[in-house]
> 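Sharing a structure here in structure tokens format.
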2 protein chains.
Amino acid sequence: MVKMADVAREAGVSVMTVSNVLNERIPVGEPTRARVMAAVEALGYEVNLTARNLRAGRTDTVALVVPSFHDYFGELADEVAPLIEAGGRHLVLERTSANAEQEMEALSVARLQIYDGVLLSIAGLDLELLGRVRTTKPIVLLGERDVPDHFNHVRLANESGARLATAHMIEHGARRILALGCAFDAAHVMATDRRVGWERAHHAAGLEVDPALVVPVGDYTSLSAYETMREVIARGTAFDGVFAVTDIVALGALSALVESGLRVPVDVQLAGFDNLDMSRFIPPGITSVDANHKGVAEAAVGLLQRQMEGRAGPAEHLVEPVRLVVRGSTRGGA
Amino acid sequence: MVKMADVAREAGVSVMTVSNVLNERIPVGEPTRARVMAAVEALGYEVNLTARNLRAGRTDTVALVVPSFHDYFGELADEVAPLIEAGGRHLVLERTSANAEQEMEALSVARLQIYDGVLLSIAGLDLELLGRVRTTKPIVLLGERDVPDHFNHVRLANESGARLATAHMIEHGARRILALGCAFDAAHVMATDRRVGWERAHHAAGLEVDPALVVPVGDYTSLSAYETMREVIARGTAFDGVFAVTDIVALGALSALVESGLRVPVDVQLAGFDNLDMSRFIPPGITSVDANHKGVAEAAVGLLQRQMEGRAGPAEHLVEPVRLVVRGSTRGGA
DNA sequence: CTGTTAGCGCTTTCAT
DNA sequence: ATGAAAGCGCTAACAG
């Protein structure tokens, strides 16, 4: 492997001069500079990032750590990447399988030191575990759980989004709206927040809510949602709307509804959350709360860059607004 | 930052002993070992990966470099991750935007040296550019382009998959099958291979192919596919089947078909390629060629691990088999 | 089994 | 404007 010393020898200068040319730190005389560049070209030299990192304490790399590479996170990552690159840094993705242990590991000293900053999408970690993390590395937490105050945090307006979607279906005549994938327990903060939105929409319309309509979905896959929906239908539960906690869940539900001969939106209205790319195209078009990837990405990267540039300030807790995108799966749709 | 020397002092041993305890390289006496571990705990020490990397020349990290984090690649990545982890290494994802320049950069000396191995999904690079890459780092290329012989390479049986899907629709009565997103030019190897499969299915059934039915789709998004499909319909082209080059393209097509009042599969049969998770659930279920993520992931990781373990052997070029998954969008479906 | 010595490739600091 | 020396934190190799 060709190293800086090789370039220096080739150009007849010291290593330090090569370093200065490459990093443009200290002005270097033009002829010297040209000789160095020629040597770099000739030898095909490239800096050893590990060595630079050890000495300079900087990797120019940011990690986005997500529960899985699928769907929502894939779309978010594609939004984050250009923003990080615009700041002259590199983005890499890591995956935790929504597993608390692996999320903690992502925040371990060992991992943090190899990145200039970390965006961590939390799925498994709770307040207590997060509270134990002590680090001065730039970190921004993403996602719908509560986090200790001293962390920067970006989340979605879950409750408001769920309220919008539910209110929209109520407005168009739905009276028994399933809260599919929603929850009552603190362990599922997102599912609980969205259930609260679903409730508030009812109250705002002067309607009662039936807790029996809150139906959890095991692992938030389309398959679980499909199976759950089939059971609900088989059980004979009466409903004329479905608010699905995510678009992936909505898709599973749609499949079950269609298979059971229920027409969407005539017999049952359906709305999801996330507004995945696909939701626009799945007939009849899935009405969905847009998860505002762009807003989340910009807010998170902004917060991270502020820390990486050293102008920290107190931790912020941002709630990104969401909006409803109406499509054919609800009666207001085209 | 607490370092190894701090632990050594605390435990009253040398740095080397700490290193040996932590890496379990050389047996260490139990009492010493216990003292070291106690010191590690007490100080909250964690190894500096950068320093280890610089000295040991190993990062225990593999990069999967993909054009985008979306859909197909997200699913593939979720398949690759556990295999890499089973080998005691870490997987990170990087993204190239399907851009030749960024793909070359992923293969640059600088990036390669920070990983023990790289899985590169090529989208933009051609033979000529790839031929210039000279490295001894373990690399496996993924994807549907031709690559220089000396690279390990895993690809799908594109032609055979396209043939299966097309033959299935012919068998069920389709006679004018659009090859949506397929191509004739060498720049789109995958789209061209799949077109060849579409042709061969016709020939095998004793049918002529109409080249006018090969309709390219700009950027392989659902949106482009939707727009293209609308145009084809508006133009009055007669067709009774659509072979879409990917499921994402199939989804866009489905949306346009339904919007135009064409019934799937009664008026038009539809098949895609990739068998994305969603394809099963999108009513009426999209018949699709399964892209065999698992097979691709296993083959690629196997080839990579062979190289990383030093038992190299000549480069292999694997073609992973595919199979057709029949669903409601074709007449053979449930 | 434990410790000493050397050095991975680079950048910081300070001298020229 | 350029260079020499020192050392980031760790591990390979060898000595005791």
Side-chain angles (χ1 to χ4, degrees), chain A residues 1-40 43-61 108-116 137, chain B residues 1-40 43-61 108-116 136-137 310:
Chain A
M1 195 86 305
V2 31
K3 63 179 87 159
M4 217 177 239
D6 300 324
V7 176
R9 196 175 334 100
E10 173 86 8
V13 297
S14 76
V15 237
M16 219 33 245
T17 301
V18 177
S19 176
N20 285 332
V21 169
L22 261 30
N23 293 297
E24 298 177 340
R25 246 168 40 88
I26 292 175
V28 173
E30 187 44 41
T32 318
R33 173 197 179 67
R35 280 218 313 293
V36 169
M37 290 313 284
V40 166
L43 301 180
Y45 171 76
E46 295 191 47
V47 65
N48 181 323
L49 296 173
T50 306
R52 167 182 287 174
N53 179 212
L54 179 58
R55 189 64 244 232
R58 148 184 73 93
T59 55
D60 295 329
T61 302
S108 73
V109 182
R111 320 280 4 242
L112 286 174
Q113 67 196 180
I114 71 174
Y115 297 117
D116 289 352
K137 271 278 170 172
Chain B
M1 196 88 300
V2 31
K3 63 179 86 162
M4 218 176 238
D6 299 325
V7 176
R9 195 177 334 103
E10 174 86 8
V13 297
S14 77
V15 224
M16 214 39 238
T17 301
V18 179
S19 175
N20 285 333
V21 169
L22 262 30
N23 293 296
E24 298 176 339
R25 242 169 42 90
I26 293 176
V28 173
E30 187 43 41
T32 317
R33 171 198 182 66
R35 281 217 314 292
V36 169
M37 289 313 283
V40 166
L43 301 180
Y45 170 76
E46 296 192 47
V47 63
N48 181 324
L49 295 174
T50 306
R52 166 182 289 174
N53 178 211
L54 179 60
R55 184 66 246 231
R58 144 185 76 91
T59 55
D60 295 330
T61 302
S108 73
V109 183
R111 314 250 37 152
L112 286 174
Q113 67 195 183
I114 69 176
Y115 297 118
D116 288 354
T136 57
K137 272 276 168 169

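Every chain is numbered from 1, with letters handed out A, B, ... down the list of sequences.
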> Do the non-hydrogen side-chain atoms of Val36(A) and Val40(A) ever get within less than 4.5 Å of each other?
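With C-beta onward as the side chain, the pair touches.
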> Which pairs, with at least one residue in residues 43-55 of chain B and sequence neighbours excluded, count as a salt bridge (Lys or Arg N to Asp or Glu O under 4.0 Å)?
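Listed by first then second residue: nothing to list.
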> Specify the residues of residues 12-28 of chain A, ordered by number, for which at least one heavy atom lies under 4.0 angstrom from an atom of DNA chain D.
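Contacting residues: Val13(A), Ser14(A), Met16(A), Thr17(A), Ile26(A), Pro27(A), Val28(A).
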> Do the non-hydrogen side-chain atoms of Val18(A) and Val13(A) ever get within less than 4.5 Å of each other?
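They are in contact (side-chain heavy atoms under 4.5 Å apart), so the answer is yes.
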> Enter the distance from Asn53(B):CG to Asp116(B):CG here, rounded to the nearest 0.5 Å.
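Spacing of CG (Asn53(B)) from CG (Asp116(B)) equals 8.0 Å.
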> When the distance from CZ of Arg58(A) to P of dC10(C) is rounded to whole Å, what number comes out?
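Checked: the CZ to P distance equals 13 Å.
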> Compare all side-chain heavy atoms of Thr61(B) with those of Ile114(B) and state whether any distance is below 4.5 angstrom.
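No. Closest side-chain heavy atoms not under 4.5 Å.
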> Calculate the interatomic distance between Ile114(B) atom CD1 and dC10(C) atom P; express it in whole Å.
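So the CD1-P distance, Ile114(B) to dC10(C), works out to 14 Å.
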> Quick one: list whatever passes salt bridge (Lys or Arg N to Asp or Glu O under 4.0 Å) with Arg33(B), sequence neighbours left out.
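For Arg33(B), the residues satisfying salt bridge (Lys or Arg N to Asp or Glu O under 4.0 Å) (neighbours in sequence not counted) are Glu30(B).
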> Using whole Å, report how far CZ of Arg52(B) lies from C1' of dG7(C).
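So the CZ-C1' distance, Arg52(B) to dG7(C), works out to 18 Å.
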> Side chains of Asn48(A) and Met4(A): closer than 4.5 Å at any heavy-atom pair?
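No - every pair of side-chain heavy atoms lies 4.5 Å or more apart.
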> Which residue, Leu22(B), Val15(B), Leu43(B), forms the side-chain contact (heavy atoms from CB on, under 4.5 Å) with Val7(B)?
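Passing option: Leu43(B).
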> Can you check the Met1(A) CE to dG7(C) P distance for me, whole Å?
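Rounded to whole Å, this separation is 21 Å.
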> Could you list all N or O pairs between the protein and nucleotides 6-8 of chain D that sit under 3.5 Å apart?
{"residue": "dG7(D)", "atom": "N2", "partner": "Arg55(A)", "partner atom": "NH1", "Å": "3.1"}
{"residue": "dG7(D)", "atom": "N3", "partner": "Arg55(A)", "partner atom": "NH1", "Å": "3.2"}

> Grab the CE-C1' distance between Met4(A) and dC8(C) for me, whole Å please.
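After rounding, the reported distance stands at 14 Å.
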> Can you measure Asn53(B) atom CG to dC10(C) atom C1' for me and round it to whole angstrom units?
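After rounding, the reported distance stands at 13 Å.
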> OP1, OP2 of dG9(D) versus side-chain N and O of Tyr45(B): anything below 4.0 Å?
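For dG9(D), neither OP1 nor OP2 has a side-chain N or O of Tyr45(B) closer than 4.0 Å.
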> Does atom CE (Met16(A)) have a neighbourhood of more than 12 heavy atoms from anything else shown, all under 6.0 Å?
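For Met16(A), atom CE is crowded (more than 12 foreign heavy atoms under 6.0 Å).
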> Which residue pairs pass the salt bridge (Lys or Arg N to Asp or Glu O under 4.0 Å) test when at least one of the two sits in residues 7-20 of chain B, sequence neighbours left out?
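Sorted pair list: Asp6(B)-Arg9(B).
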> Going by heavy atoms closer than 4.0 Å, what residues in residues 31-39 of chain A are next to DNA chain C?
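Here the set is empty: none.
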> Drop me the distance from Ile26(A)'s CD1 to Ser19(A)'s OG, to the nearest 0.5 angstrom.
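Spacing of CD1 (Ile26(A)) from OG (Ser19(A)) equals 8.5 Å.
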